[in-house]
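These notes concern the structure reproduced below.
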Amino acid sequence: MNTELKVASPLNGLARRLVGSGVLDEAAAEKACLGANKGNKSLLSYLLKEKLADPMALAEAAAAEYGIPLVDISAFDLSVAPLSLVNEALIEKHTALPLHLRGNQLFVGLKDPTDHQVIDEIQFSSGFHVEPILIPADKIDGAIERALENTSPVFDDFEEDEGLEDVGFDLSKEVTDDGSGDPAVDDTPVVRFVNKVLLDAIRKGASDIHFEPYESRYRIRYRMDGVLKNMAGPPIQMARRISSRLKVMAGLDIAEKRVPQDGRIKLNLSRNKAIDFRASTCPTLFGEKVVLRILDSAATRMGIEDLGFEPEQQVFYEAAVNKPYGMILVTGPTGSGKTVTLYTGMQMLNDEGRNISTVEDPVEIRVHGINQVQFNEKQGMVFARALRAFLRQDPDVIMVGEIRDLETAEIAIKAAQTGHLVLSTLHTNDAPQSITRLMNMGVPTYNITSAVNLVMAQRLVRILHKCKKHDDMPPEALLQAGFPEDQIEELKLYKPSGCVDCNEGYRGRTGIFEVMPITDDISRIILEEGNSMRIAQQAREEGVDDLRQSALRKVAAGVTDLIEINRVTKD
């Protein structure tokens, strides 16, 4: 009796799994193993190259065999893929798709996760530990193409943007043809990209543009209606070239990357229209951050009624501006609209019969008819020195960008006491604290009461767009917010809705103000060296709204909503 001995199959690993699952027959699997060994390739790579099996079936078998996750890339949001962490040439060469960064682990989609040479090369290039993720071969190519399209258009698709060819810049420093400049700035795609970012910011009504380099990505944000929003996200490899281009446009030293620099850019939109940008650079851990402040002189041509004053507040401000002498102080944080408020007042006085001079750090808005001086500490042009020069030139109105020290305060107060109208700013939280700030500087109380006519605090709040909708809130919440009990039944509140014509339910900003005239009773408290709480209490008794009360009036009028005023004022 003859017995036939069965020889065990030489197949193992992925080959045996493919045979067991019916993807390949045993003969085809053995032939593929021989071909892979001969070509010094992995079995999976050989099968994919020779198209000997369905890619999805191969991926499912490989995922099960090697314990590697299999991803349905069609359900993945490619806009969040950290493509900038891996060189684009490597992505295309190895068909590798970076999917996610967690700590020091970079998860990379591959069609063959057994190719350790590819993994080692990506690890070396990116500096992160690579965790392979399996993506079917027939899906990964299209995914990479779509992902790269999400980043490359910011440099490639400018031909569709109208107006890019017509804009121009007043460049005080440009790259030379002999190569003495930075070659990175002489880069047409980068030039067009920067132009596009600036034009988009103007079109969207942004006030600032932030160019921010980080370790693994480059972020560009616009500040619109006081809130920063993410916009373009160019590859991190473009960071140096973008910052170099911006520095050239602003006339800055492109070779100096260790200290902050300030400059100015003038964008000529047409023969008759130009927009200025104030440029500021600051070295960070991963490169230079550049912030551009958009300076539109049209803001100073707005009428006083457009600032957001309540009727009685506007009366107080106009009365102070029209006085022949004395001091007006405006307080608030950076970006709260102080400069526009002061310039609106000066424009009311800007005629050929008055000599108006300003010293600012920096001069943000250029206005015809006003003599503007740029603060420059290195050259000795500080506020106090400029003020002394103004007083020798027969001034009528003087504006000091900020009172920072006792010397500046004393000269400004002396000017206000001797027949000049002086406007200036302080950095305090509210109007009463401005008085105590002057006291703390060392200004005598009798000088404060004899010089200061009006103190204002202000903030900017976003205006609800016309798409707003009614907001029903319980009476308890309205009482807690600060509304008087006798007004609650009649209140009609609104909240943002959002449409294609607004910015998340808001469009534009308006001011909220605390306008405090220095009355006899408040002067008496100042002379007694009373603190800001006593001054504030007296102002409330005289009917002066604080910032919160002014904001609540805007909510009651349907101009803004409670969430917005809570963002900028305290309960």
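Computation of the quantities below employed the complete heavy-atom set of this structure, encompassing side-chain atoms and omitting hydrogens, waters and symmetry-equivalent molecules.
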Test item: Q372 side-chain N/O and V367 main-chain N/O as donor-acceptor pair under 3.5 Å: yes
Trace of the salt bridge (Lys or Arg N to Asp or Glu O under 4.0 Å) decision for E288 with K247: CA-CA 10 Å; E288 287 183 285; K247 289 167 73 174; 2.9 Å; yes
Considering all heavy atoms of both residues, which atom of Q314 and which atom of E305 are nearest to each other, and what is their separation? OE1-CA, 3.8 Å
About how many Å separate CG of D545 and CZ of F513, when rounded to the nearest 0.5 Å? 13.0 Å
What pairs of residues pass the salt bridge (charged side-chain N to carboxylate O under 4.0 Å, His left out) test when at least one of them lies in residues 97-109, not counting sequence neighbours? none
At their closest point, which heavy atom of P496 faces which heavy atom of D561, and how far apart are they? CD-OD2, 3.6 Å
Under 3.5 Å, is there a donor on one side chain and an acceptor on the other for S532 and T436? no
I294, L228, L292, D200 screened by side chain to side chain contact (heavy atoms under 4.5 Å, CB included) with Y222, the one that passes: D200
So, are R553 and E312 salt-bridged, with charged N and O less than 4.0 Å apart? yes
So, are R264 and D276 salt-bridged, with charged N and O less than 4.0 Å apart? yes
Taking the six-membered ring for Trp, are the ring centroids of H470 and Y494 within less than 6.0 Å of each other? yes
A side-chain contact here means heavy atoms from C-beta on lying under 4.5 Å apart; do P136 and L70 qualify? yes
Separation between CD1 (I209) and NZ (K204), nearest 0.5 Å, reads 11.5 Å
For K229, does the NZ atom have more than 12 heavy-atom neighbours from other residues, nucleotides or ligands under 6.0 Å away? yes
Non-neighbouring partners of F383 that pass ring pair (Phe, Tyr, Trp, His ring centres under 6.0 Å), sequence neighbours left out: F375
Salt-bridge contact R459-E514 (side-chain N to carboxylate O under 4.0 Å): no
Assess whether a salt bridge exists between D208 and R293, defined as any Lys/Arg side-chain N lying under 4.0 Å from an Asp/Glu carboxylate O. yes
Just how far is it from atom NZ of K495 to atom CG of L464, taken to the nearest 0.5 Å? 11.5 Å
Can you tell me if E542 and T519 form a side-chain donor-acceptor pair at under 3.5 Å? yes
